[in-house]
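First the structure, in the form of structure tokens, and then the observations on it.
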Amino acid sequence: MGHALNAVLQDVLIRWKRMSGYKVLWLPGTDHAGIATQNVVEKQLASEGLDRYKLGREAFIERVWKWKAEYGGKIIHQLKSLGASCDWSRERFTLDEGLSMAVREVFVRLYEEGLIYRDDRLINWCPRCSTALSDLEVEHEEFEGNLAYIKYTLSNSSDHITVATTRPETMLGDTAVAVHPDDSRYKDLIGKSVDLPLTKRKISIISDNAVDPAFGTGAVKVTPAHDFNDEAIAKRHSPPLKFITVIGKDGRMTEDAGNRYAGMDRYKCRRLVLNDLKEQKLLEKGEKYKYSLSHCYRCKTVIEPLLTLQWYLNVKPLAQEAMRVVREGKIKIVPKVWENTYFAWMENIKDWCISRQIWWGHRIPAWYCQDKKSEKCRMQNGIVVSREDPVECPYCGSQNLIQDEDVLDTWFSSALWPFSTLGWPDKTVDLETFYPTTVLVTGFDIIFFWVARMIMMGLKFMEDVPFRDVYIHALVRDIKGQKMSKSKGNVVDPLTMMDRYGTDAFRFTLAAFAAQGRDVKFSEERVEGYRHFVNKLWNASRFIMMNLQIVETQRALAQGPTVFNLSARWILSRLAVTADNINRALDEYRFNDAASDIYQFIWHEFCDWYIEMVKSDIKSPEYQMSVIECLLYTLDASLRLLHPFMPFVTEEIWQKIPHIRREKEKIGESIMISEYPDSLPRDYQAEEDMSYIIDAVTGIRTIRGELNVPPSSELYAAIKTYSRKAEEILKENVLYLRKLANAGEIKIGMDVEKPEGSATCVKSSMEIYVLLKGVLNIEAEMDRLKKASSEVEESISFLNKKLNNEDFLLRAPKEVVDKEKVKYEELTMRKERITESMKKLKEVGGEK
RNA sequence: GGGCGGAUAGCUCAGCUGGGAGAGCGCAGCCCUUACAAGGCUGAGGUCACAGGUUCGAUCCCUGUUCCGCCUACCA
């Protein structure tokens, strides 16, 4: 669903810009998802009783390619099903030849500059995936565990010092006990030693400022090879503490853990160690304790910090530049709140571990000379990093070279995407044309993984930003607001939704939900609702097509500019407003606003008002031509406005209707490349005039609705207008009133008197009477008027309070005060009219 | 531990730079009116989480509180 939302938003932008006359490129592709993909294939192998080592590197990779050919197309298929209008001829994959070349070039250059280096230090290790992970690839989760208090006996003494730990099994690798230097309880013990329980190894008691005297016992066991804190303590201690690795890469205890424990799973060992300590009466106590555990982001296995030799990228210098471009506005992050997140991470960025001990990925272009025959070679540590596979060692000529077994973090190649896909390192026309790109649309979960790294690499190698805007969309959650995940079983499959409700409805739902800065709680009901919208559009089109008499239409089209009547001028003006709003909304990535604008216009203005009005025009010879032209034009423009959201149904309808060219608009063979409506002329007069008609119609309808007069019974109405203008407009358009309000005769004029036995509705520009000969329910009508009256009264008293407040009159802006005064006068007048009506009604009632 | 976001109609959510709050669905009433009952018309529903403050005026700005959600972090 996340991908679907992502794709839909991009496609909306792409289609909109393409129709707006831009040369657009949306380059599709996928990364090789190293760890995840390798995991899937390894699982397959396991079910066949095989593993990758039995298969061997080459055969395994072949196997993954086969899997990729079969399943990798799925994402692309989904994208296509969604209607993503990518340039499919340019589809790329991070392991493509060209992209792999870019990866190599980047690696070698960074190595030559000294930014890439190799180091032996503690790293997050996933025992299940059997690889190192970067800090980002580790998820932290709160966990209710146990804090064990263990007595460490002082050497040559019966006294002991107690340490607390959540990981008792690591005590086998302890090489010190640390206390705070100022802790009076332990001051005298610093420099003394203890006999490490179970192993009897002597380790010393040291001091370190990082120890919190208030926590636990104030004494900490130090296991440099299995804890990041302890590693730091060990390294800053003089002389540095020893590192003893007691847990291996497979999550089992090593030889160094001692015979009793070697080969044992780390958790099994934990239980045994606790048991052994208990037997020796060295376990003081255990208490419940909440702490956070690190998990592998791919398989959720608990991470083991391990001492290994890995490749690192020093990103600090790159991060400096990457922060600068955002600070200077060269890259705009939308919504802006994410900038803080971006900066916070960048400022504290740590070196990036880029090597992975898996096979599926870009193999690290480093070779190790086995002979180191020359001094120069020894100086280089026998490491050869090269763009081309070397046949011999460039330093000593030895042919005994072995390539590094590891591959690069997938994100390393993804970071190059904006330029590697356009042909870099060659200087291509594509790079010239499309780099820097315009916008990156993505979820916030990969700001660090991907966005930040693309910015760093883009700046480093292209010397320019990779994109100007970064639009961060929300996460799609389930109806309860939970993250969708396979394990929770709350995943909704986009293809199912498309199948069930249609792709257009599905797309529209995602866009309509995509309010900035808020998660999308996906609701199937909403999709269903938008399917109704598709249906509405379809039916409206059907109505228009039904009324198209080909010959006459052709005549209409040939006629050129037509004189439109009020309703036509009104809808065209509303269209202009809508187009304007949509363009502005899309420009600011307010997808939900754009979606609701077009929805509102098509359904409630075009269908509910205009098409209904047209029904009385369409038969009149006088207006027929211009009505058809206006209908067609508005439909055409509506389809174009809607097209980025609902590409399929709009194209389908668009292909079937005749098109009317207006001004300099371009009409192509597909709606995709027709012109997006923008900067259409507004007609303020039409909008104002139309408001009289709307007032009159809604006034009559309200009475009808509230007094439960069935639509089957025709009404007789009279309207007393307050202005000559209103009278004129209503009289000219009386046919509309009759049609829309289902009224028979309607008397209109400034001198109209309220007919006896009629219900009243008071508007600001007119008074509407509906004659209910003999059937008027006096009580019901009285209730209506009372309600209207009290509503108006309430407003008046509110305004009264405001206008009597001297502070308000004095300090509020003059426009506001004037506005309130006008409002007040208007309301007072209405109040009078309503009171008048009530009085008359009482008289009638009395007579009865 | 630090940071961020949310709390608005029965439900899901809009609400731009402060001037008496809106949509969709649901609900109620009247309707199969010749594009559409997957529809039309009308209506009922909100002390905008709580407490203070700024202001002539606060859903909106500031402070605090409560309840959710997320990100981040080397307290055993």
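Every heavy atom of this structure was used, including side-chain atoms; hydrogens, water molecules and symmetry mates were not. Within every chain, numbering begins at 1; the chains are lettered A, B, ... in the order of the sequence lines, protein sequences first and strands thereafter.
A:N742 comes within contact range of no nucleotide atom at all, as no heavy-atom separation falls under 4.0 Å. Within the 4.0 angstrom heavy-atom criterion, base atoms lie near A:E612. When heavy atoms are screened at a 4.0 angstrom cut-off, A:K801 is found touching no nucleic acid atom at all. Contact annotation for A:I611: base contact, defined as any heavy-atom pair under 4.0 Å involving a base atom. The residue A:D608 sits close only to the backbone: its heavy atoms come under 4.0 Å of sugar-phosphate atoms, none of a base. A:E794 comes within contact range of at least one nucleobase, with a heavy-atom separation under 4.0 Å. Using a 4.0 Å heavy-atom criterion, one finds that A:K615 contacts the bases of the nucleic acid, with or without backbone contacts as well. Residue contacts shown for A:T165 are limited to sugar-phosphate atoms, with no base heavy atom under 4.0 Å away.
Rounded to whole Å, atom P of B:rA76 lies 9 Å from atom OH of A:Y291. A:K288 has its NZ atom 19 Å from the C1' atom of B:rA76, to the nearest Å. Rounded to a whole Å, the CH2 atom of A:W345 is 18 Å from the C1' atom of B:rC4. Between the NE2 atom of A:H604 and the P atom of B:rG39 there is a distance of 11 Å, given to the nearest Å. Between the C1' atom of B:rC13 and the CZ atom of A:F522 lies a distance of 15 Å, rounded to the nearest Å. The OH-C1' distance, from A:Y530 to B:rA23, rounds to 8 Å in whole Å. In this structure, the CD atom of A:E139 is 8 Å from the P atom of B:rC71, given to the nearest Å.
Checking A:G529 against A:W609, the closest nucleotide of RNA chain B that is more toward the 5' end is the one next to A:G529. Where A:A540 and A:D135 each meet RNA chain B at their nearest nucleotide, the meeting point lying more 5' is that of A:A540.
Within the 4.0 Å cut-off from OP1 or OP2 of B:rG40, at least one side-chain nitrogen or oxygen of A:W603 is found. Regarding contacts with the backbone of B:rA73, a side-chain N or O of A:H140 is found under 4.0 angstrom from either OP1 or OP2.
The side chain of A:N708 has B:rC30 as its nearest neighbour among B:rC36, B:rC30, B:rA76. Nearest nucleotide to the side chain of A:N805, out of B:rA76, B:rC36, B:rC56: B:rC56. Nearest to the side chain of A:R526, among B:rA76, B:rU12, B:rG39, sits B:rU12.
Between B:rC13 and B:rG5, the two C1' atoms lie 16 Å apart (nearest whole Å). On the C1' atoms, B:rA49 is 6 Å away from B:rA7, given to the nearest whole Å.
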Exercise for review: Please step through ring pair (Phe, Tyr, Trp, His ring centres under 6.0 Å) for the pair A:Y289 and A:F215, ending with a clear verdict.
Suggested key: CA-CA 12 Å; A:Y289 180 62; A:F215 187 88; 5.6 Å; yes
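Side chain of A:R185 to main chain of A:P213: a donor-acceptor pair is present (N/O by atom type, distance under 3.5 Å, no hydrogens or angles).
Partners of A:D351 according to the salt bridge (charged side-chain N to carboxylate O under 4.0 Å, His left out) rule, which considers only residues two or more places apart in sequence or in another chain, are A:K316. A:E339 pairs by the salt bridge (charged side-chain N to carboxylate O under 4.0 Å, His left out) definition with A:K336, not counting sequence neighbours.
The stretch residues 224-234 of chain A participates, sequence neighbours left out, in these salt bridge (Lys or Arg N to Asp or Glu O under 4.0 Å) pairs: A:E231-A:K235.
Ionic pairing of A:E287 and A:K285 is present here: one or more N-O contacts between side-chain nitrogen and carboxylate oxygen are shorter than 4.0 angstrom.
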Taking only nitrogen or oxygen atoms into account, show me every contact under 3.5 Å that the protein makes with nucleotides 42-49 of chain B, one pair per line with its distance.
{"unit_1": "B:rA44", "atom_1": "OP1", "unit_2": "A:K787", "atom_2": "NZ", "d": "3.2"}

For nucleotides 14-19 of chain B, print each protein N/O atom paired with a nucleotide N/O atom at under 3.5 Å, atom names and distance only.
{"unit_1": "B:rA14", "atom_1": "OP1", "unit_2": "A:R518", "atom_2": "NE", "d": "3.1"}
{"unit_1": "B:rA14", "atom_1": "OP2", "unit_2": "A:R518", "atom_2": "NE", "d": "3.1"}
{"unit_1": "B:rA14", "atom_1": "OP2", "unit_2": "A:R518", "atom_2": "NH1", "d": "2.4"}

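Consecutive pairing runs in RNA chain B reach the stem threshold at B:1-7 with B:66-72, B:10-13 with B:22-25, B:27-31 with B:39-43, B:49-53 with B:61-65, where a stem means at least three Watson-Crick or G-U wobble pairs with distances under 3.5 Å.
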